[in-house]
Amino acid sequence: MNDHTPNSLRAWPDARGRFGEFGGRYVAETLMPLILELESAYRASKSDPEFQKELDYYLTHYVGRPSPLWHAQRLSAHLGGAKIYFKREELNHTGAHKINNCVGQILLARRMGKTRIIAETGAGQHGVATATVCALFGLPCTVYMGATDVERQQPNVFRMKLLGAEVVPVKSGAGTLKDAMNDALRDWVANVHDTFYIIGTAAGPHPYPELVRDFQTIIGTEAREQLMQAEGRLPDIAIASVGGGSNAIGLFHTFLDEPNVRLIGVEAAGKGMHSHEHAASLNMGRPGVLHGNRTYLLQDDDGQIQEAHSISAGLDYPGIGPEHSWLHDIKRVEYVGITDSEALEAFQLCARTEGIIPALECAHALAHISKIAPEMGKEQIILLNLSGRGDKDIFTVAKHLGTSL
Amino acid sequence: MSRIAGVFAGLRKEGRGALIPFVEAFDPDRATSLALLQGMAANGADIIEIGMPFTDPMADGPTIQAAGLRGLKAGATLRGVLGLVREFRATDSHTPLVLMGYLNPILSYGVPQFCVDAAQAGVDGLIIVDLPPEEADLILDDAKANALDIIRLIAPTTSDARLKQVLEGSSGFVYYVSITGITGTRTASAADLARDIPRLRAATDLPIAVGFGVRTPEQAATVVAHADAAIVASALIDTLCKESKEAVLRDVRALADGVRGVRKQAA
Ligand SMILES: Cc1ncc(COP(=O)(O)O)c(C=O)c1O
């Protein structure tokens, strides 16, 4: 089962799928047998060298791994402090880290004999990545996407359709990621016999948070090696944006037992932490249960889930993966907030100094280093996960800058 | 004997199954819910299930989800739902009430306090949809201490090995989800039930209620020919939406007559 050694922060979750008191399997009985089946299939593949070999093949030749580590010299010079490195996940096929997880999960689905794939998506990055691997393996794909997100991420909706996926706009709630996830879970319950649900972030019922993390840890593992080659040492700070938390945990996991590496997760503070229009579940929420796991949530006094807000659809979720809740409580990772307008500034700064248009999600992490890098020494190193490219966001950004395309 | 056990014991003597209609609390307002509870009890409901509104009812179909959102809009809170139960209990001390909902509002209320307050208000059992046996230790002791039945869902996908685990710690009755799917979408056939119910019978002495997709008096009659109770939810919510609370009570009467038309072999 689980080689759970409590003296390592990298050995979680425990046998009940918990990270400390977070995580678990809070699902209806109709889903429980599936979750258990998925877990045993995942355990089997995790220890099967053939599975690993197959995964490596697709990651190398299809996704284009390893992704480069880039010394962002002009941005570093502009900020005038720490040496900044980007882990270039935006150069992966489909333009974000999401594909790492999708390749892993679809290989698992094939092993389990599933013939139909469903997914939820916020920004559309995960939907595009899922539609992509479905096209690659010739499996039908249905993507649930909040109606609001369908509106603000039109390019990705069109991409998914080009790739042969059916995109179902979800009108319930505010029509964002949370609502899309509800409907994907409903579809799964109704179609258990042939359907595999590819969850897009390190959240949901156990084993998803563990499984998605494992498929994303390649980000940190590669970056660590690349940085050792370039600098001969570990970073002082590793930083990533957190929506559900997959790109962040993918970067952080390799460093959890390295006390000298400071880890920072950046939440979307939307229109401000105290505006009630943000997605800062760790900073402003409290623990509860949603979508199968116990974790920090934005909720009212009665335990009703509140709508999140962020300029970035990929961060617009009122929950967070359970491992982050635990890392927050034990204070191993610091979680900070960045507002919409700070992210917009950083988005433009990165484009102009590095010639890289970043996704609005990771623009949040860029905005935070704009605050802390100037205070740091020139010999210090920041490793930032550039989780995706910003082509999908140009319409949103143009609108905010008052330009019509 | 608990109220729920008492009802099923009485029905066994009568030789018929139970009708369990559903009311989403505060849909579309508190007064309607109270009138429905009272009217259902007067029109042949043997037990009543009350939905506790939640923003994200991931195991429910669009009908119950929409009803829950209307309830929340009308100001439903967990405290409010318990208040509704208390008011119903003031004039009806015999009809068992079962609350159905999701874990988060209960966690937010505080599990021990919720169990105390629910029992005091007159709740008899709890169906917490997203609390499988694997996580149930967080409420079992408090529920037991307050004599609240924990009623569990069992699905067609629940294996025999798992069935044992689900039944352990279940009380009151078991809730058989007759189809794989969400509430109110499809209906199980007589053949499905003839195949599935004996499997449950062999594993438990608890009464078996069947829900998800039961809509008409005929379907309710089919259900109680095999099981001990028929749960009807989405169909009644649809009627409330399209017609009126009087129409709901008319349907409950017809469902109750349907259930009463079926004599069971003495068990
Ligand atoms: C580029 C990019 N970064 C980050 C995220 C946030 O998700 P997560 O926190 O799972 O990495 C998304 C989600 O859509 C994304 O597209």
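All values below come from the heavy atoms of this structure, side chains included, with hydrogens, waters and symmetry mates left out. Note on naming: letters A, B, ... go to the chains in the order of the sequence lines (proteins, then strands), and numbering restarts at 1 for each one.
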(request) Using only heavy-atom distances, determine whether the side chains of His226(B) and Asp196(B) contain a donor-acceptor pair under 3.5 Å. (result) no
(request) Could you look at Gln299(A) and say if it's the side chain, the backbone, both or neither that has a heavy atom under 4.5 Å from chain B? (result) side chain
(request) Please check if the side chain of Asn101(A) supplies one atom and the backbone of Ile199(A) the other of a donor-acceptor pair under 3.5 Å. (result) yes
(request) Determine, for Lys114(A) against Asp194(A), whether the closest basic-nitrogen to carboxylate-oxygen distance falls under 4.0 angstrom. (result) no
(request) Would you please classify the geometry between the Tyr335(A) ring and the His328(A) ring as parallel, tilted or perpendicular, with 30° and 60° separating the classes? (result) perpendicular
(message) Taking side chain as everything from C-beta outward and backbone as N, CA, C, O, which of these in Leu138(B) sits under 4.5 Å from a heavy atom of chain A? Side chain, backbone, both or neither.
(response) side chain
(request) Verify the neighbour count for atom CD of Glu21(A): are there more than 12 heavy atoms of other residues, nucleotides or ligands below 6.0 Å? (result) yes
(message) Can you confirm whether the side chains of Ser45(A) and Arg111(A) place a donor and an acceptor under 3.5 Å from each other?
(response) no
(message) Just so I understand: if I count every heavy-atom pair under 4.5 Å between each of Met181(A), Arg286(A), Gln306(A), His291(A) and chain B, which residue has the most?
(response) Arg286(A)
(request) Examine whether an atom of Ser159(B) lies under 4.5 Å from a heavy atom of chain A, and if so say whether it belongs to the side chain, the backbone or both; otherwise answer neither. (result) neither
(request) Could you tell me whether Phe22(A) and Tyr296(A) have their ring centroids closer than 6.0 angstrom? (result) yes
(message) Between Asp56(B), Ile106(B), Val129(B), who has the most heavy-atom pairs with chain A when the cutoff is under 4.5 Å?
(response) Asp56(B)
(request) Report yes or no: do Arg162(B) and Thr157(B) form a side-chain donor-acceptor pair below 3.5 Å? (result) no
(request) Can you tell which part of Leu107(B) gets under 4.5 Å to a heavy atom of chain A, answering side chain, backbone, both or neither? (result) side chain
(message) Please classify the contact between Tyr109(B) and chain A as side chain, backbone, both or neither, with a heavy-atom cut-off of under 4.5 Å.
(response) neither
(message) Is Ala76(B) close to chain A through its backbone or its side chain, or both, or neither, when contacts mean heavy atoms under 4.5 Å?
(response) backbone
(request) Under 4.5 Å heavy-atom distance to chain B, tell me which part of Ile305(A) shows up: side chain, backbone, both or neither. (result) both
(request) Please look at Pro53(B) and chain A and tell me whether the side chain, the backbone, both or neither of the residue comes under 4.5 angstrom of a heavy atom of that chain. (result) backbone
(request) Answer with side chain, backbone, both or neither: which region of Leu34(A) has an atom nearer than 4.5 Å to a non-hydrogen atom of chain B? (result) neither
(request) Go through the atoms of Ile154(B) and report whether side chain, backbone, both or neither lie under 4.5 Å from a heavy atom of chain A. (result) backbone
(request) Using non-hydrogen atoms and a 4.5 Å limit, figure out which bit of Leu153(B) sits close to chain A: side chain, backbone, both or neither. (result) both
(message) For the backbone of Gln304(A) and the side chain of Asp300(A), can you confirm whether one donor and one acceptor N or O come within less than 3.5 Å of each other?
(response) yes
